[in-house]
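Just so we're clear, the structure is a prediction, and the values are computed from it rather than from any experiment. The sequence lines fix the lettering, A, B, ..., with proteins before strands; numbering per chain opens at 1. Reckoned from all heavy atoms, side chains included, excluding hydrogens, waters and symmetry mates.
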Amino acid sequence: MPITEILFWALSAAAIIAALLVIFSKNPVHSVLWLIVVFFAISGHYVLLNAQFLAIVNMIVYAGAIMVLFLFVIMLMNMNADQEPNKSKWMKIAGVLSGGSLMLLLVASLKNSQAIAGGGDAGIGLIQQLGKTLFSEYVVPFEISSVLFLSAMVGAVILGKKEKNLTEADSTN
Amino acid sequence: MNGMIKFGYLIPLLPLIGFLINGLGRNILSKKAVGIIGSGVLIASFVCSLFIFNQVAAVGYKTQVLFLFNFIKTAGLDIPFSLQFDQLSALFLLVITGIGSLIHIYSTAYMHEETAPHFARYFAYLNLFVFFMLILVLGSGYVTMFIGWEGVGLSSYLLIGFWFGNNNYNNAAKKAFVMNRIGDLGFLLAIFWMLSQFGSVTYTGVFEKANTIPVSVLTGITLLMFIGAMGKSAQIPLYTWLPDAMAGPTPVSALIHAATMVTAGIYMIARSNALFTLAPISQNVVAIIGISTALLAATIALKQNDIKKVLAYSTVSQLGLMFLALGVGAYTAGVFHVMTHAFFKALLFLGAGSVIHAMHHEQDIYKMGGLKTKLPLTHFTFLIGCLAIAGIPPFAGFFSKDEILTAALNKSVVYYILGVITSLMTAFYMFRMYFLTFHGNFRGTDDQFSHVHESPFAMTLPLILLAALSVIGGWVGIPAVFIENGHLLADFLEPIYAAVQHESTGMHLSHSMELIMMAVVVILIIVSILAAKSMFAKEGLKEEESSTFGKMLENKWYVDELYNSIIVQPVNHISSFFSRIIDTKIIDGAVNGVGKLIHFSARQMRLLQSGQVGSYVLIMVISIIIFFIFQMFWKI
Amino acid sequence: MNAIIISAVWGVLMMYSGFLFKSNRNINLLSILGVLILIGVTFHEFASGMPLLLIDTKGMLFHSNFGLVFLLIILVSTLIYFILSGKDIQLAGKSSSDLYALIFFILSGIAVVAGFRSLLMLFIGIEIVSIPLYVLAGSDKSNLKSNEAALKYFLMGSFSTGLMLMGIALIYGDVGSFYLDAFSTGFGVLTPLKAAGLLLILASMSFKVSAAPFHFWTPDVYDGSPSVFTSFMATIVKSVAFFAFLTLFDFGFGKMHDQWKTIVAIITAFTLIIGNITAVFQQSVKRMLAYSSIAQAGFMMLAIFAINTFAKQGMLLYFAGYSFATLGIFAVLTKMKDHSIDAFNGLAKSQPIIALSVLISLLSLAGIPLTAGFFAKYYMLLAVIREGNMMWLVILAVLCAAVSVYYYFRVIQAMYFKASASETALEFDPNFKWVMLMNAILIIVLGIHPDLILNLI
Amino acid sequence: MPINYYIFLSICLFSIGIIGVLTRRNAIIIFMCIELMLNAVNLLLVAFSRMHHAAAYAVDNASLVGAEAQIFVFFIMVVAAAEVTVGLAIIVMLYRNIHSVDINFLNRLKH
Amino acid sequence: MFAAVDNFPALLIWLPLIGGILSFFLNDAKSAKSSAIIFSASSLIVLLVSLNFTAKEFIALNQVSYEWLTSIGSSFGLYLDGLTRTMALLTAIVFFVVFILVPADQYKDANRFYGLLLLAQCGLVGVFLATDALVFYLFWELALIPVYFLSSIWGGEKRIRATFKFFIYTFIGSLLMLLAILYMYNKTNATSFGLGAFFNLKTTADEQFWLFIAFFIAFAIKMPLFPLHTWQPEAYEQSPTPVTMVLSSVMVKMGLFGVLRWVMPLFPLAVKQLNTAIMVVIAIGIVYASLVAIYQDNIKRLIAYSSIAHIGLMALGMLTLKEVAVVGALLQMFNHGINILALWMIAYIIEKQTGITSISKLGGLAKSAPVLAIFMVITALANVALPLTNAFVGEFMIFNGIYQFNKFLAAFAGLSIIFSAVYTLNMIKNVFYGEANSTTIQFSDINKTQVLLFTVLTVLIFFVGFYPQPFFDLFSDALGLVLTRYNS
């Protein structure tokens, strides 16, 4: 068994187990940590797939920035303890069943796909190539995504600004 | 078109004009003016009729049709509005306008108590009736006849309910109209059938082709027509309206419910003799219905105490005899009896009217008696009428009734015997009424008695004239037994039946045999008159009826009750059931149910909107799964 | 293309306008000016066929006439929205300039969606529209309903984004490209990958246009959000989502039409039934309008089902008719404290002009002839009939239209046939009245002469 | 390595994410599960990128086919970052108001 | 003179439309009333002038078409032939009478009342004149909406529910019709909505079947035919009587007209296939409605059920496909409009004075109001189709056709003749005859204007009953398209 295959199976197993732990951990902090494990495993896959740049970005952006933000919020809310009341049993069963059957369905319907042919690579996953493509072919979406950030930023500011007098303006619906 | 016939349209037009003037000017015209106009137009019409009759009676006269305008001419229908002048219509013209005139004159006095507007309304209705009756007999086709047919029904309705303040009268009017309508539906269907078979509804158009049509079809058509005749001429089973129709003013009863309108059915069948002769089944039906009605009505009349009711049932009975005549193919006899009956029945009604007038609207014969002295003229004319209807020679009724009986005998002995029994009963109940009214002691209050007085001239004049006619009216149809070729009427009417070959079946009586039978009948009649005299001439107060049979008769065989329970009540119940249950609960309930269903499903469906994100997402995922299954694995 | 840049820039300008102007009125005027400029620029591009600034997008964006007309309709709706509801935006949040900025950013996203030819652009465009909307939904921060609406919207919106991305990935796996015109390779046969991707994208687009059974967020979010933004979401944003839906399924999956139309028909049927029937029971006009927007989405789904000339023409008409009418009703609703149907009692007496305008708007929504709504529905039905073989769907649509009359007319009955219970009459600004009337007249004009829009394409 | 494996793997992760969304009540965890779904998509895109690139490389060894998918992944990350900003802001805002992030308490709006 | 003639159809649309819109801007009730009278009178005059032309010379001038919605192939096509002239004449008469009859001060916001009525007139005339299916549909709805508002604003206690039921019921029907129209339009390759274009379509029997059903349901609801009739008694009862006059004199004719103008020419195969079954249902409905009418105590409901029976009879006549019955039905459409208008006027006058609509609470009116009683009797006679009234001619021809179609059906439907006599006479008896009670004794007879209106209607009743030939001449061009496909 070539090393890549061993790595593939190992990373896959890690990713899936960690993912399962994400959703089954009682403690939100644990969930966050397990999610970071998943991201690391996925980054490993990226490396295996010759997407080195994305592997790094994934670690920096997701594991580094986003998950820290999550962790930060969880800490802020002081939710490190297990305080989530259980969802009703039926809801859980229904959720697992439907999610599982969706998986089975997708797998069943996509089982006849071809293999990745050949092993050559012109190095598209490297930062140089990607940078070139991004700033030549994809400069317009890149610029446009700035609007996205701008609006996210404005939005976060609007929502985050402290406002006084909280009223229970909750009438009957 | 020549002679007077060019102006034939005047005959119906004049009463119409009278109707319009009296109707529209009812608030302006004085009673006198109304009376003059109302009677005047009829007399004028009568004069015209005389001219026409004169022309028609001329030898070699050919039927003439006066075309007025196209009534309906489109889409394959060609129905002209035209008048036909022939022997039959001319005869009826005379009867209608003649008796009509007399009754108009009579009415001027009889209705004098009414206020001017109502007086005018009365004359307007009466004129309207005459107009429609004239249209009925003059029309040259069945549609025109139908127009008059329904028109007279309308006038009858209006006149029966003339005193509209009284709801019993209104109910009687309604009953008359509705029963007539039942018959009219039959007539209408007959017209449609004729239209589809003959393509025409004019008499000429129909009769020409009558021979080419299958007998079964003719039977159907004639039976439907006869249903119409049943309604109008008060035959079983549609006769119960006529006694009730006595709610109207008495002259109206005389004119409409005795002399003219009710004979429309006879006119119709006589007119359609070409069809009936070809449909023996229908003829038999007519005869059977006729004689049954005659008998039934006669039995009921035996026990009636209302003077007008007795006359009404007698009318029904006499009409039955006329149908018997038609049914056995003796059309002339039928028409002859129409004519004589018109004379003496109008006379009797007017006489009764005179009595009622004198008695201040008392109609119960048990509350009368001994009026002979107080009302001499009325008494005398009334007696003539009774003799005429009883069939005592040489009064008018004798000849016509005799002719019917002879014709019935020709067909079947049963008809004859039943006819004779009817005649005997007729004589009996007529004289019962006569004796109770005019003989014996007065049974009303003294106050009433002191006010009894002979009627004014305007009322007695028609009585006298009609009495005269009741005496001599029969002489136009003297049977061959007495004078060979003495039957002027038969000769006169001969052209009407030209199209039909007379086929006489059954036995032919010799003259002597006929004479003997005639004598026997007359003797029997006299015996029954005497019986009536012995029973009622000295009669005191009415006795309570004890026998079941008598009660049955008194209550008119409970036919009204029967109709009420098998027709009127069910219809009302069905109507209420349809309205309350089917319409509101079922049909509308279904409609509203759709709305309720939507409301209900709205209420249920909105529960899906639970507010829980989890369940929302769950439903989304499940539906994605379903779509996947559908798209990927459900290869249809 | 220019609209993207200008609205983005104008958004920034609006952001800073809060510092520049103290008066909210001026901020509103500035926003109206911005929309007017956008309309002018877009119209210029439409009329001349050339944008002012020519940018090479490598084929990822292409503003066809169809897209430009769509954009014009959206911009005109926005203009009406700003004029009618400008004041209420300021009431909704303290920082109205920021809210305006968000709306302009959304417009920028809309302009992206109006011309996308690549899934990447679709994804970015939709996200630019969605993310500010999450914020707008929650902009009434002290209101728990608003909070709740924002979170619900956000969670479910992100979830549906996830679905869409999975779909995009699967399709990419099959065709190796994100360009729409590449999808129909392989003679329009749906491979399993493509089919799975299509279904996932269909689900997520259905979510965006609130088609059943992916509609559940709609009533809650529309109800919870500040009315003034509900109005924006229910009209302009919904139109955009539909436009994206239409473009994607026309240019991308059009060749495979026969293979997915049954599914779309089922979704359409569900949407029609659920939207119309559930609306029947609502007591709050706002929530009723939320369901009505689902119901109307059902009608617009008919166009997705049919995807033909009639569908596309009719869609534009539908956007116009639906948006104008709904904006009008919401503008009135926003100004009322009580959102129940009874609050409309006797409006015809106290405010005849407002009542008339609302009446016309409601008639248009119900699809009564001589309003824009009639021809909109007319085209939808015609498109499906033209498609053939799906008469049951048309009949269902028609029956649902009849049901819709029921709940729209409840408001009309309240306004015209019932007497007002409260003493205090609602007060409206005279200018507002006239704008409402103009809006109503616009609806009527489009109803009498739909060629005004149809001839543009 | 057959592409199927990657497809299956990312479907597994994706589905686990969905299950998480369905079974958890904590808004933050749900949001994390959504992030997990996005990552599954990213992985799949990269795998496909690799696949298409390999196919194109066999023909032309300077081909850049496949780069667009990686760019797409990049944009997904961008968008995810923006979403997280807004999403967390919303969650925090809600927490400030009701001191809970349990979505089962979000039931003021229903029917 | 002739120059103006070719604008007649457009004039008939524009006059009430302009009048209606104008009326909303008039504040004074009196001036609103007089303007309404002027506009409806002008319509009436235009029509009366148009009657002076024979069918042939008229058609050439009056098949007009204006450009509208050219991009979708619809044009504003109007057509004034014998059929539509009759119907437009009826419309004009009815509205004119209503405007004169209703006093300016009876309803609040009289200007709106008259305005909406005029708009309804515009819609009705449009329905009758349109040769373009889309235009037909638009006017169909346009006629409905003003009436809905009229009834809901000025109606009785349960008006909102009743009129809404009416509205939604007819709306469902018309939507189905719209579908059928669109289907046919699609069949023409999306080029035309014209009646002629539809006529030339080659549709299979199966298609015709469904199209027929869609159209017919719309029309049957409008007429209404049993068992789709339950909206009608309620709506008639709850609407203000002047509106009921319009509803039952003219609006129900829309359905019959639709059958003649659209259904029969376009779907011959389906009509032949289905007419027997439908006719049986209609015949049952006729007898049923007549029976239900007997039970009614409310005058308005009674007239409503009577109308259901009569309308059913006309529909029955049309479906026999016999020329005689179709012509009869055509004539009867006009006649029934006039007769029921007179009946409603009587109901209106009684209700307005006494406030009573219950038959059992009235009685003896003939004493206090003899003139009204006379007109009532005349109207009632026309209602029961007595000879020499207009209805006799029509019903005679209809029954004749039904008879040719099937004897037993004619006999069965003929039962309604008897029942109609029962309920009509009952009504007369209980309202006008008998003893007067405390309310009815104070009843004052009708005024001069009303007498005049009644006289005009009475003259029409008897004129048509006596001499219907002019109408048959008028119809000579009307049936060209209707029956051609059945004769071959």
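Heavy atoms of C:E148 lying under 4.5 Å from chain D belong to its backbone as well as its side chain. If you measure heavy-atom distances from C:Y291 to chain D, the contacts under 4.5 Å come from the side chain alone. Residue contact with chain D, scored on non-hydrogen atoms closer than 4.5 Å, involves the backbone and the side chain of C:Y134 alike. If you measure heavy-atom distances from C:I128 to chain D, you find no contacts under 4.5 Å at all. Neither the backbone nor the side chain of C:A137 comes within less than 4.5 Å of any heavy atom in chain D. With a threshold of 4.5 angstrom between heavy atoms, D:F14 approaches chain C through side-chain atoms but not through N, CA, C or O.
Between D:H52 and C:Y172, the distance separating the two ring centers is shorter than 6.0 angstrom. Between C:F178 and C:F123, the ring center distance fails the sub-6.0 Å criterion.
Taking the six-membered ring where the residue is Trp, C:W217 and C:Y153 present parallel rings, their angle staying beneath 30° rather than reaching 60°. Under the 30°/60° scheme for interplanar angles, the aromatic rings of D:H53 and D:Y57 are found to be tilted.
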Item to complete: Output, in order, the C-alpha distance, side-chain angles, deciding distance and verdict of ring-ring contact (aromatic ring centres under 6.0 Å, His included) for C:F253 and C:F183.
Response: CA-CA 7 Å; C:F253 303 118; C:F183 291 0; 5.4 Å; yes
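The choice from D:I91, D:L94, D:V78 that makes the most heavy-atom pairs within less than 4.5 Å of chain C is D:L94.
No more than 12 heavy atoms of other residues, nucleotides or ligands shown are found within 6.0 angstrom of CZ on C:F270.
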